[in-house]
Structures are given as structure tokens and as C-alpha cells.
*Asks:* 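This is the structure, below, for whatever I ask next.
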Amino acid sequence: MMKESKQFLKDPKIYLSLLVVLVVTVLLFPEEGKFKYSYQSGRPWVYETLLSPIDFPILKTEQELLAEKEEKASQVIPYFEYDNAVASIQMQRLRKMQEVDSVNNHLLYFIVESLYKMYSVGILPATDAVSPEGTIVVQKDKRAQEMPVSEVYTPQKAEGYIKYYLSLSFPSLNPDSVYSAYRIKDYIVPNLVYDQARTDLFHKEAVDYISPTKGMVYAGQLIVSEGEIVTTDIEQMLDSFKKEYELSYGYAESLLGLRAGHFILCLLIAASLFAVIYFTRKEIIEQRKSFYFILTLYVLMSALTVIVHSFGVNNLYIVPYSVFAIYLMIFFKRRYVFPVYTVMLLSLLFQTDSGVELYMMNLTGGIIAIVTFKYFNKGWAQFLNSVFIFIGMSLVHIGFQLSGDGTLSLFDPKDIFRIAVNSLLVVAAYPVAFIFERLFSLVSHFRLIDLSDTNNRLLRELAQKAPGTFQHSLQVSNLAFEAAREIGADMILTRVGALYHDIGKMKNPQCFVENAPAGFDYHKNLSPEESAQQIIRHVDDGVEIARKHKLPEVVIDFIRTHHARSLTFYFYAQYCNAGGDKENKEPFMYHGQLPTTKEQVIVLMADAVEAASRSLKDYTPESISALVDSIISKRLSDSQLVEADISIKEIETVKRMFKERLEQVYHERIAYPTIKKS
């Protein structure tokens, strides 16, 4: 009965678009080998004994680097500059004492030599910046050297040094008396000048530069044995080997083989995406732009993953993948969105090291977005959607952390912050959907809701110019909406299509009986052919009005298809009864399009049934049932539904629903009695 259209599968543009997506995603794949071992601290090594095939450094953990940085930050090493002029000035002052006759030249020579020795090493000023047990940096002759404080002199240490050696070299003299007589204290002047600016700079450089490694593993050295529990130290060696492998060793043997692997994975994902769309709702492929939109989202998701991953794998926690599920929800039905989104996320499993965790987190976030979007999609309620996404993703992350060693020892609070940013970005990225709506000429869920508002400008104009048609359209929309619900079609789209299917009647409203005043016959002086043409033209008029008001094409399609290519049977019968040629059907035939979607078929049938129901004289269940069966059988026998994607079972369901609704509308009412005059 109904011909399933598969013509679109022969269109080369579909396969060309898939090929483009395949090439782009392969090129986006990072050119690095993927580490072939999976391991976790506290669990046994399930592979064969691993010997290192290369030399590689053992990398410090983030905790070790942080602890070392904190230690460096607490240790400030003072910076001093050696002043050559101080020693020269003091030595010249001492030599002038030789001119005094009472001076012992041997003693004076000893004092000069001692001071010169101390000056050559360096004398520190009195400062709180120096710890006696610490170290300092001394710049001398454009060369900076770090040395212990104990190797240089303070004024107190220099005084003690001279007195001690005076007692050894001149035992007959009192050191204190000599020290006072020669006023040695006046010649002990610090020649190390404290430099605060260089101290701060040297401290900053010391904190910033910390060696990231703490040892080496050499080729042939054992890393881990088969069945051995992966301890923290073994995990650190494995992490270091993995880093070195991915940087230099991962694809050294065959870059071509690596690319071939990427090609196979990308091909499988692209094929899976096509299969999911085809088996859930192949009309998406037929509509092309919807199909291209999904492919574009997939490429954007892959590109975003690669770009953000290049700045660090932890940054992927920030990427709001859930918003892609929302983008799909805005334009497609929920039951189609979930499988498509699930396949689109698959690239996370292969493009990142922590792919399984990221996949599960974002799958959970996407599912929450799909479920809650219906209830929290406007205004501040969108933030509630983000809260639920945040809670779901955080629980998955904590679950993966606990599944490692049963503790949260490796838990990083920054990851929770990143997930929070992710959830907020879902709201921030939401308006981009309207750009997609324009680029791909799609119709969003919100646009359809706006169009279904009977207070909008175009429907108010219809109500004013053609009130009978407006009431008819309301009844058709009610019938069509319930029918769409019964068979799982798009209810909002069906309602909108029903509301606008007859807007062409506004151009000549009195041509149609529902708008004509009592006793007025528009067709009285017209031939059947002329009357038929006046009736038929409301389809073209409707398309013209719809385009003038910028209605979406998907809504205009309802105007084109609501009569398909049927006959204006009333005037055709008049023509035949007046002796016309029965084969001359062309003047009486609508030149619209045959419906292809469930929604278009529902509106076509609801329009015919609702209009015909007004002509019934007896509204019994039997007469209503006979009318519905007759109308729909007529459409089937005239081949009006041969291109429609609707089954016999679904048509029977629609018929049953139409009968029930019409019986409720036209049920028997009681006659109200009158009060007799007394």
C-alpha cells in the first residue's frame, strides 16, 4: 500500500558528506601512539612481565612537585654583592699607622694580613635576612656563588678571629689591649652588600625551576612483574614510561599503521552514526540539512576534544559535551537524540587516555540534559538543568576515583571545579542553537511553540478574515495532536501544521462555505470548473502568505500536502452530472504534493474527516465510524499516501482515535425543558 521511499540512499551527496567527515576526523586525531597497558594503583598487573625497552626518566608526581615548590618557597637565600673598594680603603688606613714611631710593625703586619684574609672571604653586615645555619649567594667578579653562612665573617666573628690568633702569635701581649690600642674594630667594615631585588629574583627562579624528574630507568630494567600489585612507586614508573612512550616511542615504528588504526576507528564511528540515524528516523537523512547539522555537531565535538586535550587532559572536564545533547533536543525528538548522542561521544574513548571516565561522565550529563530539558529550558530554570548535570557528572567522577584503591587519595578538588565550569558553560553555550537554526534552516522546538500560539499575528488575521476556517483549523489541530500522540509522531509540529494548513483561504474567504454568511452562495454563477479553480488556488495562496510571513519550510509543506493530489469532488460530481467527460479530471485536481511524513498524513486525514463530519445529519457512533472509514479508505484507494512513511497499523490507530474524539465532540445532548405558564 505505501511505498517506502529509499531514493535518498542513491544520492551521492550523502556519502560525500560522510567521506568529508571521515577525512576531517582522521586528520584531527592526534599523531601519537596510544599506550597499550591499562593499570591502577592497588590492583594486580594483568599483563606479562614488563621490562623497559628504553631509557627514561622517572617523573615526580604532582604532589611531590608541589611539596618541593612549597619547601623552596619557604627558603629564601639572601643575595649579596662583593664590594672590592671596602678592603682597599681599610688597608690604606692601616698602612698609615706605620708612620707612627710607637707602632710595632710586626704586629701591624699581622693585623693587616688577618683583615685582608677576612675581606677576601667577605664580611656580612648585621641583618635579619641571614640565618647562621643557612646559605647565601655572593656575587664576586661577575660570578655568583652559593655558600654557607659559616664560611664568611660577621663583625663579631672577625673580632673573635683576630683576638684568637693574636693570642697564639703574640702570647706575651694581651689581645684585648692590642685590639683597643690599635682600634681594630674601626677597620672591620662589612664588604658584602645585601641586594633585596636580586634576592627576590633569585628566590622566584629557584621556586619556578624545580627538576621534574627524580631518577632514571634504563633499558632492560624491570618495571613490574606479572601478577604483581601496582604500588605507588610502580605506578610512578609506569606513568613515566607512558609519557615517554607517547612523546617519542609510540609511533616510531609505523606512522602509517597508526594512521590506519585511526582511520578504522573513525570509519566505524561514522558508519555507526549513519546507521543509528537511518534506523531511528531516516527522514533526517532525507531532509539533508538535518543530517548535515548532526554531522557538523560531531565534527565540532571531535575538534573541541583535540584542541582542549592539547592543553592537558584534565581540561577536558571543562568541555560542555552535554550541550550537544541539548542542541539535538531542540530540533529532534527525545527518543532519536539519545542513540545519536551516545554514538557521537564514542570518539572520547579513543582520543584521550582517561576516555572511559570522560565518556561515562558526559554520557551521564547528556542523559540528564535530555531528561530535564523538557522541564528546565527557559530563563533561570536552565541553571537548575546545570545543577543536575553537575551533580550527575561529579558522582561519576567520584565513583571512578573510589574504584581505584577504595579511597579518595588521588582526588583533585580542581576537577570538581572544572566540572562546575562545564555545567555553567552548558547554559552559556545554549544560545548557539539559534545560530544553527539559521545556518541549517532548521525549526527549533521553541519556534514551533511560538507558532502554535493562536494569539500570534498571522493566526489572529486568519480569525478575523476567515473565522469559520479558523475554527475548522482549531478542530483539525486538536484531532491531529491527539493522533500524533497515539502513534508517536511529533505532536507540536503536527499541531502547527494543522493550524496553518488553510491560511490561503484568507485571500478569498467567502469562497468557502464555512466563512460565507447565511443565504450567500459564492459559486451560484460559476461553472464547476471555475468553482474548482477558486477552491484549489487556496493552496498556492497559502504558500505565498506563509513565505511572506517567513514561516519555516517544514510548516509550508503541510499547506502543500494537506489535499495532496485529490479531486474537488463536489464540483467534479456537478461537472459529470451535467454531462462532462469523466476522464477530464485535471481542472478539478489539486496540484499539491503527496505527503511523506506521519505528521503530514495525520493533518491530511484530520482535515478531510473534520470537514466531512460537519455534513452528517445523524451523529451516532455508527455514522461517525462509517464516515471516518470512508474518508480514509478514499485517500488510500486514490494513492494519496503511497510516498508516506506510515504503516497500516498506525493508520488504524489514527482512525480509532478520530472516531473516539468525534464521538466526544458530537455526543448526544439533552434537551432543556421549558417552564409552562401558570
*Asks:* If you count heavy atoms of other groups shown closer than 6.0 angstrom to CZ of F434, is the number above 12?
*Replies:*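 Enclosed: over 12 neighbouring heavy atoms sit under 6.0 Å from CZ of F434.
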*Asks:* Please check this pair: side chain of Y116 against backbone of A87, looking for a donor-acceptor N/O pair closer than 3.5 Å.
*Replies:*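 No; zero donor-acceptor contacts below 3.5 Å.
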*Asks:* Which word best sums up how the rings of Y317 and H397 line up, parallel for under 30°, tilted for 30 to 60°, or perpendicular for over 60°?
*Replies:*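 The arrangement is perpendicular - the two ring planes meet at more than 60°.
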*Asks:* So which atom in V86 and which in V189 form the shortest heavy-atom distance, rounded to 0.1 Å?
*Replies:*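 For V86 versus V189, the nearest heavy atoms are CG1-O, 3.6 Å.
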*Asks:* Quick one: CD1 on I188 to CE on M118, what's the gap to the nearest 0.5 Å?
*Replies:*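 Nearest 0.5 Å value for the CD1-CE distance: 5.0 Å.
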*Asks:* For the pair V149 and T135, evaluate side-chain contact (heavy atoms from CB on, under 4.5 Å) and give the outcome as yes or no after the intermediate values.
*Replies:* CA-CA 5 Å; V149 173; T135 59; 5.7 Å; no
*Asks:* Return yes if a side-chain donor-acceptor contact under 3.5 Å exists between Q236 and K214, otherwise no.
*Replies:*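 Yes - a donor-acceptor pair under 3.5 Å links their side chains.
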*Asks:* Closer than 3.5 angstrom, by distance alone: can the side chain of K243 be matched with the main-chain N or O of I58 as a donor-acceptor pair?
*Replies:*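 Not a single qualifying donor-acceptor pair exists.
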*Asks:* Going by ring-ring contact (aromatic ring centres under 6.0 Å, His included), name the residues that satisfy it together with Y187, two or more places apart in sequence or in a different chain.
*Replies:*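 Y187 satisfies ring-ring contact (aromatic ring centres under 6.0 Å, His included) with no residue once adjacent residues are dropped.
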*Asks:* Taking D83 for its side chain and N191 for its backbone only, find out whether a donor-acceptor pair lies under 3.5 Å.
*Replies:*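 Here the side-chain-to-backbone pair does not exist.
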*Asks:* Looking at side-chain heavy atoms only, is the closest gap between F80 and R198 below 4.5 Å?
*Replies:*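 Contact flag for F80/R198 side chains = no.
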*Asks:* Can you name the closest pair of heavy atoms from P320 and N422 and give their distance?
*Replies:*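 So the two residues come closest at CA-OD1, 3.4 Å.
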*Asks:* Pair E113, K117 - check salt bridge (Lys or Arg N to Asp or Glu O under 4.0 Å), show working.
*Replies:* CA-CA 6 Å; E113 286 295 318; K117 181 179 179 182; over 6 Å; no
*Asks:* Pair Y292, F440 - check ring-ring contact (aromatic ring centres under 6.0 Å, His included), show working.
*Replies:* CA-CA 8 Å; Y292 297 155; F440 294 93; 7.9 Å; no
*Asks:* Does R418 pair with D415 as a salt bridge, N-O distance under 4.0 Å?
*Replies:*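 Yes, charged N to carboxylate O under 4.0 Å.
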*Asks:* For atom OH of Y109, is the number of surrounding heavy atoms from other residues, nucleotides or ligands below 6.0 Å larger than 12?
*Replies:*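 No - once you tally the heavy atoms of other residues, nucleotides and ligands closer than 6.0 Å, there are 12 at most.
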*Asks:* Mind running ring-ring contact (aromatic ring centres under 6.0 Å, His included) on F331 and F436 for me, showing each step along the way?
*Replies:* CA-CA 10 Å; F331 301 107; F436 289 131; 7.7 Å; no
*Asks:* With a 4.5 Å heavy-atom cut-off, do V276 and F338 have their side chains touching?
*Replies:*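 SC-SC contact between V276 and F338 ruled out.
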*Asks:* Any side-chain to backbone donor/acceptor pair from S386 onto S423? Under 3.5 Å, distance only.
*Replies:*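 Yes.
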*Asks:* Measure the shortest side-chain to side-chain distance between T154 and I123 over non-hydrogen atoms and say whether it is less than 4.5 angstrom.
*Replies:*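 SC-SC contact between T154 and I123 ruled out.
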*Asks:* Distance-only, no hydrogens or angles: does the S240 side chain make a donor-acceptor pair with backbone N or O of L59 under 3.5 Å?
*Replies:*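 Yes; at least one donor-acceptor contact below 3.5 Å.
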*Asks:* How many angstroms lie between OG in S120 and CG in N84, if you round to the nearest 0.5 Å?
*Replies:*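 If I round to the nearest 0.5 Å, the distance is 11.0 Å.
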*Asks:* Using side-chain heavy atoms (C-beta onward) and a distance below 4.5 Å, is R259 in contact with V26?
*Replies:*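 Yes, close enough: below the 4.5 Å cut-off.
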*Asks:* Do V308 and I318 have side chains that get closer than 4.5 Å, going by heavy atoms?
*Replies:*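 A side-chain contact is absent here, since even the closest heavy-atom pair is not under 4.5 Å.
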*Asks:* Examine distances only and state if a side-chain atom of S225 and a backbone atom of E228 form a donor-acceptor pair shorter than 3.5 Å.
*Replies:*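 No; judged by distance alone, with no hydrogens or angles, the pair does not exist.
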*Asks:* Taking the side chain as everything from C-beta on, heavy atoms only, tell me whether F202 gets closer than 4.5 Å to P78.
*Replies:*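 No - every pair of side-chain heavy atoms lies 4.5 Å or more apart.
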*Asks:* Under 3.5 Å, is there a donor-acceptor pair linking the side chains of Y194 and Q196?
*Replies:*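 Per modelled atom types, Y194 and Q196 side chains form a pair under 3.5 Å.
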*Asks:* Between atom CE of M344 and atom CG of L346, what is the distance when rounded to the nearest 0.5 Å?
*Replies:*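 Result: 10.5 Å between the selected atoms.
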*Asks:* Find the distance between CD1 (I307) and CG (N315) and round it off to the nearest 0.5 Å.
*Replies:*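 Rounded to the nearest 0.5 Å, the CD1-CG separation comes out at 13.0 Å.
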*Asks:* If I compare all heavy atoms of V337 with all of F332, which pair ends up nearest, and what's the gap?
*Replies:*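 Result for this residue pair: CG2-O, 4.0 Å.
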*Asks:* Using 0.5 Å steps for rounding, measure from the CD1 atom of I229 to the CD1 atom of I234.
*Replies:*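 The distance works out to 9.0 Å.
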*Asks:* Go through the steps for Y218 and I54 under the test side-chain contact (heavy atoms from CB on, under 4.5 Å), then give the verdict.
*Replies:* CA-CA 6 Å; Y218 297 97; I54 54 172; over 6 Å; no
*Asks:* Can you tell me if D195 uses its side chain to pair, donor with acceptor, with the backbone of A197 under 3.5 Å?
*Replies:*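 Answer holds: yes.
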*Asks:* Using atom types as modelled and distance alone, determine if a side-chain donor or acceptor of T25 lies under 3.5 Å from a backbone N or O of L22.
*Replies:*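 Yes, the answer is positive, given that a donor and an acceptor are paired below the 3.5 Å cut-off.
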*Asks:* Do Y321 and T305 meet the criterion of a side-chain donor-acceptor pair at a distance under 3.5 Å?
*Replies:*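 Yes - a donor-acceptor pair under 3.5 Å links their side chains.
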*Asks:* Measure from the side-chain N and O atoms of K157 to the backbone N and O of S150, and report whether any donor-acceptor pair falls under 3.5 Å.
*Replies:*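 Looks like yes, one N/O pair under 3.5 Å.
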*Asks:* Measuring centre to centre across the rings, with the benzene-like ring taken for any Trp, is Y341 within less than 6.0 Å of F324?
*Replies:*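 That pair fails the under 6.0 Å test.
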*Asks:* Applying side-chain contact (heavy atoms from CB on, under 4.5 Å) to V20 and V23, what does each step give before you reach the verdict?
*Replies:* CA-CA 5 Å; V20 170; V23 171; 5.9 Å; no
*Asks:* Restricting to non-hydrogen atoms, name the atom on P155 and the atom on P190 that form the minimum distance, rounded to 0.1 Å.
*Replies:*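 The answer is CG-CG, 4.4 Å.
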*Asks:* Can you check whether Y161 and Y165 have ring centres sitting under 6.0 Å from each other?
*Replies:*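 They qualify: ring centres under 6.0 Å apart.
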*Asks:* If only side-chain N and O atoms count, and only distance matters, is there a donor-acceptor pair under 3.5 Å linking Y119 with Q90?
*Replies:*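 No - no donor-acceptor pair under 3.5 Å links their side chains.
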*Asks:* Given 3.5 Å as the limit, does a donor-acceptor pair link the side chain of T199 with the main chain of Y79, or not?
*Replies:*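 Confirmed, T199 side chain pairs with Y79 backbone.
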*Asks:* Which pair of heavy atoms, one from I326 and one from F373, lies closest together, and at what distance?
*Replies:*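 In terms of heavy atoms, the two residues are closest at CG2-CE1, 3.7 Å.
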*Asks:* To check you understand the geometry: which heavy-atom pair defines the closest contact between I269 and Y298, and what is its length?
*Replies:*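 Minimum heavy-atom contact is CG2-OH, 3.2 Å.
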*Asks:* Pair T372, L384 - check side-chain contact (heavy atoms from CB on, under 4.5 Å), show working.
*Replies:* CA-CA 9 Å; T372 60; L384 287 178; over 6 Å; no
*Asks:* Are any non-hydrogen side-chain atoms of M361 and I419 less than 4.5 angstrom apart?
*Replies:*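 SC-SC contact between M361 and I419 confirmed.
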*Asks:* Please examine the side chains of Q145 and V138, heavy atoms only from C-beta on, and report whether any two atoms are closer than 4.5 Å.
*Replies:*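 No; the side chains remain at least 4.5 Å from each other.
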*Asks:* How many angstroms lie between atom CG of L222 and atom CG of L51, to the nearest 0.5 angstrom?
*Replies:*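 L222 CG to L51 CG: 6.0 Å, rounded to 0.5 Å.
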